[in-house]
Amino acid sequence: MNARLKVFALLEAQGVPVSEADNLVAGAVAGAQCQVVELGGMAPASRGSLFADGWDDGVAAMSEALMGIAEREWSAARRPVGRGR
């Protein structure tokens, strides 16, 4: 069982509706994305500019990936229950 399904199963066991679980997951991912964005420009100076450029590229790529995941989760929350899952 993948982590996403396990989270949804645990939330369902606690009586959290599927649509609310989607919103909780999307919010958690969006929160993680905000934390990742804050890492931009924070590469250790001692590692040099090439490392810093790679660091910032990595931050941007991770931020974009997390935003895509959050958007998919919010879209899933808007689908009628029983569709797409």
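Computed from a prediction, not measured in an experiment: that's the story for all the values here.
Cluster membership for Val16 and Phe8, using ILVMFWY side-chain heavy atoms within less than 4.5 angstrom, is shared.
Pairs of residues two or more places apart, or lying in two chains, that qualify as side-chain hydrogen bond (donor to acceptor under 3.5 Å, both in side chains) and include a residue from residues 30-40 are Gln33-Ser63.
Across Leu5 and Asn2, no two heavy atoms sit closer than the pair N-OD1, 2.8 Å. In terms of heavy-atom proximity, Leu66 sits nearest to Val29 at O-CG1, 3.2 Å.
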Under 3.5 Å, side-chain donor or acceptor atoms of residues 49-57 against the rest of the protein: list the pairs with distances, not counting sequence neighbours.
unit_1, atom_1, unit_2, atom_2, d
Trp55, NE1, Leu39, O, 2.8
Asp56, OD1, Gly41, N, 2.7

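Using a 4.5 Å cut-off on side-chain heavy atoms (C-beta onward), Val37 and Val59 make no contact. Between Asp22 and Val25 there is no side-chain heavy-atom pair separated by less than 4.5 Å.
The side chain to side chain contact (heavy atoms under 4.5 Å, CB included) search around Ala30 returns Ala70, Trp74, not counting sequence neighbours.
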